[in-house]
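For clarity, every value in this text was computed on a predicted model and none was experimentally measured. Keep in mind that the numbers below use all heavy atoms, side chains included, and drop hydrogens, waters and symmetry copies.
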There are 2 protein chains.
Amino acid sequence: MVMVEDDIFRALADPTRRAIFEKLADGCMNASALREGMAISQPAMSQHLAVLRGAGLVRQTRQGRFVNYDVDPAGVALIAQWLAKYRAYWPARVDALKAVLKEMDQ
Amino acid sequence: MVMVEDDIFRALADPTRRAIFEKLADGCMNASALREGMAISQPAMSQHLAVLRGAGLVRQTRQGRFVNYDVDPAGVALIAQWLAKYRAYWPARVDALKAVLKEMDQ
DNA sequence: ACCATAGATAAGCAGATGCTTATGTGAACC
DNA sequence: GGTTCACATAAGCATCTGCTTATCTATGGT
């Protein structure tokens with residue numbers, strides 16, 4: 001038994017790590033680019049990325065000397081799946097969700 | 001600046017606390033009922049519930065000597081809102097979501 | 001072959017976290 | 001008023017986390 005959600009939520013619990021993950025929401029980026037404007041040391045960034053990767057939230061691809069990171073859809077899907085347990089508690093947002101889906105159809 | 005998501009994800013990072021929260025997904029329950037089958041001391045439960053409440057994930061209502069806890073829709077909505085940033089990464093689940101919405105319409 | 005650059009890993013440490021036991025508070029019942 | 005039950009809070013402590021500095025690995029350029 002692996003309890004994937006443990007790693008996911010623990011990874012997202014740290015504000016710095018969540019900021020990194022949210023940066024990646026806009027698209028693929030390498031570790032150095034991620035550090036820009038973040039007041040974080042290189043080892044710290046590397047450690048955070050390792051945690052995010054261990055949680056299945058982020059994937060890495062070597063490209064020369066750089067390592068590109070991007071959001072792992074599998075991890076996001078797991079969160080969405082977990083959140084689905086509580087869909088009964090956000091009926092007020094149904095309309096907003098509908099709009100999102102309509103938008104995605106086009 | 002309060003950074004609500006900080007408290008939310010920190011609260012959900014603990015497996016025991018997540019188990020409690022998931023129990024409440026099925027409906028309102030008091031602290032003693034929540035402890036059943038959980039191998040957790042009374043103070044520990046109380047502390048966990050305090051953290052969940054502080055994060056806005058759970059509400060409490062006194063009913064005589066008991067305190068009933070239930071999921072706070074506001075907290076769930078915040079997670080859904082946060083997750084919406086990543087909707088581009090789970091297109092495979094659009095159909096499932098549509099089914100959910102159709103079901104909610106009825 | 002040498003050096004520079006991007007990133008990972010190791011070790012150590014200050015602060016946070018979750019548990020414990022003990023005690024406090026509040027409501028019901030006699 | 002006193003006792004019991006449901007829960008909260010306090011204090012202490014072992015463990016975990018995230019940072020730091022130092023060092024290692026890997027790739028590219030010359």
With a 4.0 Å limit, can you tell me whether [X] has a side-chain N or O closer than that to the phosphate oxygens OP1/OP2 of [N]?
X	N	value
B:R17	C:dT17	no
A:S46	C:dG7	no
B:H48	C:dT17	no
B:S41	C:dT20	yes

How long is the line joining [atom1] of [X] and [atom2] of [N], in whole Å?
X	N	atom1	atom2	answer
A:D14	C:dG15	CG	C1'	13 Å
A:I40	D:dT21	CD1	P	13 Å
B:R10	C:dG18	CZ	C1'	13 Å
A:E36	C:dG7	CD	P	11 Å
A:I20	C:dG7	CD1	C1'	14 Å
B:M45	C:dC19	CE	P	10 Å
B:Q42	D:dA10	CD	P	14 Å
A:N30	C:dT5	CG	C1'	12 Å

Task: A:P43 side-chain proximity, nearest of D:dC19, C:dA8, C:dC19 - done: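 Comparing D:dC19, C:dA8, C:dC19 against the side chain of A:P43, the answer is C:dA8.
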
[X] side chain vs [Y] backbone, donor-acceptor pair below 3.5 Å:
X	Y	value
B:R59	B:D70	no
B:R62	B:G64	yes
B:Y89	A:A74	no

Task: Nearest heavy-atom neighbours spanning A:A55 and A:I8 - done: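 For A:A55 and A:I8, the tightest heavy-atom pair comes out as O-CG1, 3.5 Å.
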
Open item on the list: Quick check: closest heavy atoms across B:A25 and A:K85, and the distance to 0.1 Å?
Closed with: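 Reported closest heavy-atom pair: CB-O, 4.3 Å.
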
Task: Contact list for DNA chain C against residues 49-72 of chain B - heavy-atom distance below 4.0 Å - done: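 B:G64, B:R65 - these, ordered by number, are the residues of the stretch whose heavy atoms sit under 4.0 Å from the strand.
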
Open item on the list: By the 4.0 Å heavy-atom rule, please label A:R35 as base, sugar-phosphate, or nothing.
Closed with: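 The residue A:R35 makes no contact with any strand.
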
TODO: Look at the side chain of A:Q47 and the base of D:dT17, then say whether one donor and one acceptor between them are separated by less than 3.5 Å.
DONE: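 No pair found.
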
Task: Cationic N near anionic O, under 4.0 Å, A:D14 to A:R18 - done: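 Judged by the 4.0 Å cut-off on N to carboxylate O distance, A:D14 and A:R18 do not form a salt bridge.
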
Open item on the list: Which residues pass the side chain to side chain contact (heavy atoms under 4.5 Å, CB included) test with B:A50, not counting sequence neighbours?
Closed with: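 Listed in chain order: nothing, the list is empty.
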
